[in-house]
Amino acid sequence: PSASNHQNWRFLAIDNQMVLNQLVELVKEKKEIIASSLVGQEKEMVDSYGDYFTRFNKAPVVIFLFQKVNRSLTKICQTKISEVILKDINIMEESSSLLNVGMVLQNMMLYAHDLGIGSSCLTGPLIAKESLEKYLKTPSVWSLTALLALGYSKEAPKSPGRKKINDSFFWYK
């Protein structure tokens with residue numbers, strides 16, 4: 001599914017270990033810059049992420065997911081409505097694009113699981129989004145949104161558990 005059936009996503013699959021290692025180096029550079037600017041508990045928190053930002057090169061295949069915000073309603077309304085409403089339209093269009101990628105990502109993960117393939121959605125590497133997009137020669141209208149690491153699991157990790165539905169779901173009265 002996608003909002004208005006725009007299907008405003010693109011995927012780039014990479015299975016070249018040398019390329020994945022180079023992309024990891026770009027992310028490491030940004031992580032080091034971030035960590036070096038922090039002290040105390042803040043630095044410890046960033047360091048506690050460990051290899052979360054860079055572990056994607058351990059997967060045999062990584063799919064880079066891109067989105068393009070569809071600005072059709074903005075274009076139609078641009079000179080005809082107030083700035084306040086136009087701002088809300090922009091937020092709606094950006095949210096729709098991000099949700100579209102989220103929906104296709106979940107479907108990819110479910111399909112991989114059905115095939116017996118492990119998957120991990122990664123957004124940590126986006127700390128180096130600009131550098132990654134430059135390396136990948138991403139056209140300016142597309143925006144890197146997430147990475148999907150795919151491979152056969154070496155272990156079956158225990159579920160971290162879920163929140164109770166009553167902690168997240170409420171009825172409007």
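None of these values were measured; they are calculated from a predicted model.
A donor-acceptor contact under 3.5 angstrom links the side chains of N21 and Q17, judged on distance only.
No donor-acceptor pair under 3.5 Å is formed between the side chain of T123 and the backbone N or O of C121. A distance-only check finds a donor-acceptor pair linking the side chain of S36 to the backbone of I33 [under 3.5 Å].
Side-chain contact between S4 and N70 is absent, with no heavy-atom pair separated by less than 4.5 Å. A 4.5 Å side-chain heavy-atom check between D51 and K58 finds at least one atom pair inside the cut-off. The side-chain heavy atoms of M108 and L148, taken from C-beta on, include a pair separated by under 4.5 Å. Between L65 and W9 the shortest side-chain heavy-atom distance does not fall below 4.5 Å. Within the 4.5 Å cutoff, the side chain of I14 has heavy atoms near those of the L23 side chain.
The environment of Y111 atom OH is sparse: at most 12 non-hydrogen atoms of other residues, nucleotides or ligands sit within 6.0 angstrom. Heavy atoms of other residues, nucleotides or ligands lying less than 6.0 angstrom from CD of Q22 number more than 12. Residue Q7 qualifies as enclosed at atom CD: its count of foreign heavy atoms under 6.0 Å is above 12. Surrounding OH of Y49 are at most 12 heavy atoms belonging to other residues, nucleotides or ligands under 6.0 Å away.
In this structure, the separation between CZ on F53 and CG on L126 is 10.0 Å, given to the nearest 0.5 Å. A distance of 13.5 Å separates CG in N8 from CZ in F66, rounded to the nearest 0.5 Å. Separating the CE atom in M109 from the OG atom in S119 is a distance of 3.5 Å, to the nearest 0.5 Å. Distance CD1/I89 to CD/E93: 7.0 Å, rounded to 0.5 Å. Taken from OG in S131 to CD in E29, the straight-line distance is 7.0 Å, to the nearest 0.5 Å. Once rounded to the nearest 0.5 Å, the distance linking CG of L86 with CD1 of I91 reads 10.5 Å.
Of the charged side-chain nitrogens involved, at least one lies within less than 4.0 Å of a carboxylate oxygen, so that K129 and E133 count as a salt-bridged pair.
Between W171 and F169, the ring planes are perpendicular. Angles over 60° get that label, and only those under 30° would be called parallel.
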